[in-house]
Amino acid sequence: MKILSKNKDIGMSLLHRNDQELRRLEELNELRQHGINPYPPVFEKTHSSVNVLNGFDDNKPEEFAQVSLAGRIMAIRKMGKATFCHIQDDAGRIQVYLKKDDLPEFYEILGNLDIGDIIGVKGHVFRTKTGEVSVYAKEAILLCKSLRVLPIAKEETDENGNKIVYDAFADKELRYRRRYIDLIVNHEVKSVFAKRSKIISGMRRYFEDKGWLEVETPILQPLYGGATARPFTTHHNALDIELYLRIADELYLKRLIVGGYEGVYEFCKNFRNEGMDRSHNPEFTLMEIYIAYKDYMWMMGMVEELISGLCLAVNGTHEVEYDGHKLSFQAPFRRATMHGLIEEAIGENIFGYDRDQLLVVARKNNVEVENNASGMKIFDEIFSQKVEHTLIQPTFVMDYPVEMSPLAKAHRSEPGLVERFELYVAGTELANCFTELNDPIDQRARLEEQARVKAAGDDEAMVVDEDFLYAIEVGMPPTAGLGIGIDRLVMILTGQTSIRDVLFFPQMKPEKQHH
RNA sequence: GACCCCGUAGCUCAGUGGUAGAGCAUUUGACUUUUAAUCAAAGGGCCGAUGGUUCGAGACCAUCCGGGGUCACCA
């Protein structure tokens with residue numbers, strides 16, 4: 001490893017730098033020796049790359065006689081006393097023309113600039129001989145010297161206008177660990193996150209327009225509840241108590257409905273101490289909303305309107321390509337009962353079957369179940385193995401068995417069921433809703449049953465939250481509650497099949513070794 | 001947690017037990033409208049880590065680390 005003797009004072013961290021990075025440090029020193037500040041404080045921009053590219057009219061070049069742009073150098077083509085480079089800003093890329101005659105001082109330091117450095121240019125816009133709208137720089141200034149090498153990909157546009165990328169930065173591990181580089185060099189990544197932002201803001205606007213209240217509830221909770229999942233545990237030193245990172249905010253939002261709000265929602269970061277895969281990250285975002293005096297049927301209509309509207313807003317169409325499927329979010333979505341869908345799949349209505357009967361059905365239909373599985377578990381397996389993967393187009397699955405839903409209200413006409421739906425798309429669950437259970441006697445009985453299940457060894461079962469029960473005893477109006485998995489919604493509306501591609505910084509195992 | 005695949009230059013990748021390779025990027029030189037710019041030359045490697053087999057290992061074996069995928073659990 002080469003060590004720059006004159007840079008000895010910069011520190012040990014430099015020992016791991018490669019030749020290109022050491023060269024950049026030398027360039028930085030040279031720039032400073034020439035009296036150039038490689039990190040000036042401000043730059044006044046008048047235009048973005050896309051402003052210029054979209055706005056330039058060959059018949060009215062005077063409209064762009066004075067522009068000022070800044071961006072990161074992504075390509076340089078030096079031809080002696082003239083240089084072309086592409087700079088990239090938030091909006092896109094534009095070519096800049098730098099001529100020695102016009103920029104004698106800047107041209108001196110051009111050799112000390114690299115791909116990755118950020119520059120600002122002032123000048124006029126013109127179209128080159130080869131037809132590209134470009135900025136003719138009359139002034140140029142270095143705004144930031146980059147000390148690391150970007151994994152730069154070359155791009156070419158073929159005669160059909162298709163973009164060909166050569167040797168794109170593709171190593172998924174590096175892309176996730178150094179997302180800032182991914183964002184710089186893989187421009188489609190930015191568009192996914194732009195859509196994510198649009199989905200969330202669109203949802204927020206929809207709720208705001210209805211007059212519902214956005215709230216915040218505790219992330220650190222003395223008891224966790226509202227879902228069946230294992231929590232993360234932490235410790236508060238001053239109080240000397242165990243606290244849990246929330247697995248859901250349901251029980252807090254219902255307390256607010258008890259408190260008199262008639263519509264509350266939260267974009268809720270949840271934490272579940274479970275496995276990770278391409279649809280699960282330990283922390284994820286769930287939007288939960290509770291509306292008083294409404295039921296799950298009403299909520300179905302709202303979900304349809306909301307999601308079809310979001311799809312249109314983000315993609316300009318109700319159709320989306322996902323994992324080889326063409327999905328349509330044109331309302332209305334299909335509605336079917338859970339038992340109806342099972343009957344459709346296996347040709348038998350298993351409503352009211354006991355454990356032994358369900359086991360026979362499972363065996364007959366090649367549904368794998370563990371030997372000690374409960375009746376409910378077998379039922380669940382039949383649904384997930386025979387039905388779930390067939391639910392490609394948006395489908396509301398309605399009316400779940402009461403044992404699977406300890407916080408949902410008993411069905412108004414079907415004993416043994418609750419008023420609940422889940423929205424399935426592309427074989428996975430996107431939203432979950434019930435008419436909320438507000439009968440305090442029933443709610444207590446259901447949570448106590450959960451406590452029994454937990455005592456029997458199911459560590460995902462819910463715990464009894466006495467304060468929540470107290471609130472329900474004070475009295476909660478009839479209420480509909482809904483949760484939408486935001487990460488999954490973003491995945492589907494942006495065509496991404498891995499949750500890691502809709503999170504800026506997905507959870508990764510720590511690296512043991514230095515680079 | 002189980003199984004399968006992967007880890008070689010800054011990036012993308014070849015490398016069939018016998019001297020460590022290519023393209024881009026970098027450096028030097030030429031070039032005042034180029035665009036994967038071009039032309040000429042050069043530098044750059046703990047081959048993920050540790051052990052083993054072998055006269056000889058980037059390659060074969062074992063273990064570990066990291067990643068991807070499938071499954072299980074879940075949203």
Side-chain angles (χ1 to χ4, degrees), chain A residues 1-2 17-24 26-27 74-86 93 95-103 107 111 114-116 126-132 134 136 148-158 163-177 181 185 227-230 247-248 268 270-288 368 370 377 380-381 384 422-424 428-432 458-460 483-489 491 497-500 508-515:
Chain A
M1 181 63 61
K2 190 172 21 173
R17 296 190 187 229
N18 63 40
D19 58 332
Q20 292 189 44
E21 291 167 336
L22 291 170
R23 168 70 194 149
R24 284 173 181 231
E26 279 180 24
E27 289 171 343
M74 300 303 286
I76 305 183
R77 292 176 293 283
K78 201 171 171 185
M79 313 171 48
K81 299 184 179 64
T83 293
F84 288 90
C85 64
H86 274 93
R93 275 184 198 190
Q95 180 168 261
V96 174
Y97 179 56
L98 304 158
K99 200 159 91 167
K100 188 173 184 185
D101 297 345
D102 295 300
L103 300 160
Y107 220 86
D114 294 291
I115 289 172
F126 74 114
R127 189 180 290 277
T128 63
K129 246 181 2 194
T130 48
E132 180 161 349
S134 308
Y136 190 118
R148 297 289 190 177
V149 182
L150 287 179
I152 203 72
K154 290 224 168 184
E155 289 178 7
E156 180 181 37
T157 309
D158 68 13
K163 203 163 261 183
I164 305 166
V165 181
Y166 299 88
D167 299 337
F169 178 51
D171 184 308
K172 290 211 167 175
E173 177 176 4
L174 276 177
R175 288 184 50 211
Y176 298 141
R177 289 193 195 277
I181 293 176
V185 302
T228 53
R230 281 192 295 269
I247 59 172
C268 179
N270 290 323
F271 308 85
R272 297 191 185 173
N273 209 340
E274 285 162 355
M276 293 161 56
D277 60 28
R278 71 177 223 274
S279 59
H280 296 84
N281 195 64
E283 58 181 286
F284 67 102
T285 307
L286 202 61
M287 192 293 303
E288 288 199 40
E368 287 176 39
E370 286 176 28
K377 181 74 190 162
D380 198 21
E381 285 298 330
S384 45
E422 291 194 326
L423 175 61
Y424 277 84
T428 59
E429 187 190 335
L430 205 61
N432 182 20
D458 182 351
D459 56 2
E460 288 191 348
I484 296 178
I486 296 295
D487 310 294
R488 289 198 179 165
L489 179 64
M491 284 167 69
T497 53
S498 170
I499 196 169
R500 294 186 150 182
M508 304 285 280
K509 274 200 200 178
E511 287 174 292
K512 280 273 168 64
Q513 269 137 10
H514 302 103
H515 298 285

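Lettering of chains follows the sequences in order, A, B, ..., and the numbering in each one begins at 1. Hydrogens, waters and symmetry mates are skipped; everything else that's a heavy atom, side chains included, is used. In this text, all values refer to a predicted model and were calculated from it rather than measured experimentally.
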[X] [atom1] to [N] [atom2], straight-line distance once rounded to whole Å:
X      : N     : atom1 : atom2 : value
A/E27  : B/U28 : CD    : C1'   : 13 Å
A/N273 : B/G1  : CG    : P     : 12 Å
A/D114 : B/C24 : CG    : C1'   : 15 Å
A/K509 : B/G1  : NZ    : P     : 7 Å
A/Q95  : B/A37 : CD    : P     : 10 Å
A/L22  : B/G43 : CG    : P     : 18 Å
A/M276 : B/U70 : CE    : C1'   : 16 Å
A/M508 : B/C65 : CE    : P     : 16 Å

For [N], does the base pair up with any side-chain atom of [X] as donor and acceptor (N or O, under 3.5 Å, distance only)?
X      : N     : result
A/D277 : B/A72 : yes
A/E429 : B/A75 : no
A/E132 : B/U34 : no
A/D19  : B/G43 : yes

task = Decide, yes or no, whether a salt bridge links A/R24 with A/E27 under the criterion of side-chain N to carboxylate O below 4.0 Å.
result = no
Could you go over nucleotides 31-33 of chain B and give all protein N or O partners under 3.5 Å, atom names and distances?
residue: B/C31; atom: N3; partner: A/G80; partner atom: N; Å: 3.1
residue: B/C31; atom: N4; partner: A/G80; partner atom: N; Å: 3.3
residue: B/U32; atom: OP2; partner: A/K81; partner atom: N; Å: 3.4
residue: B/U32; atom: N3; partner: A/D101; partner atom: OD2; Å: 2.8
residue: B/U32; atom: O4; partner: A/D101; partner atom: OD1; Å: 2.5
residue: B/U32; atom: O4; partner: A/D101; partner atom: OD2; Å: 2.7
residue: B/U33; atom: O2'; partner: A/K129; partner atom: NZ; Å: 3.0
residue: B/U33; atom: O2; partner: A/K129; partner atom: N; Å: 2.9

[atom1] atoms of [N] and [M], separation to the nearest Å:
N     : M     : atom1 : value
B/G56 : B/U19 : C1'   : 13 Å
B/G23 : B/A36 : C1'   : 11 Å
B/C46 : B/C65 : C1'   : 16 Å

Check the phosphate of [N] against [X], side-chain N and O only, distance under 4.0 Å to OP1 or OP2. Yes or no?
X      : N     : value
A/K154 : B/C24 : no
A/K377 : B/C73 : yes
A/R23  : B/G43 : no
A/R77  : B/A37 : yes

query = So which nucleotide does B/A9 pair with, by the Watson-Crick or G-U wobble rule with both distances under 3.5 Å?
reply = none
remark   = Whichever of A/A229 and A/Y176 has the more 5' nearest nucleotide on RNA chain B, that residue is A/Y176
query = RNA chain B: A/A227 or A/R24, which has the more 5' nearest nucleotide?
reply = A/R24
task = Remember a base hit wins even if backbone is also touched, and classify A/R230 as base, sugar-phosphate or nothing at under 4.0 Å, heavy atoms.
result = nothing
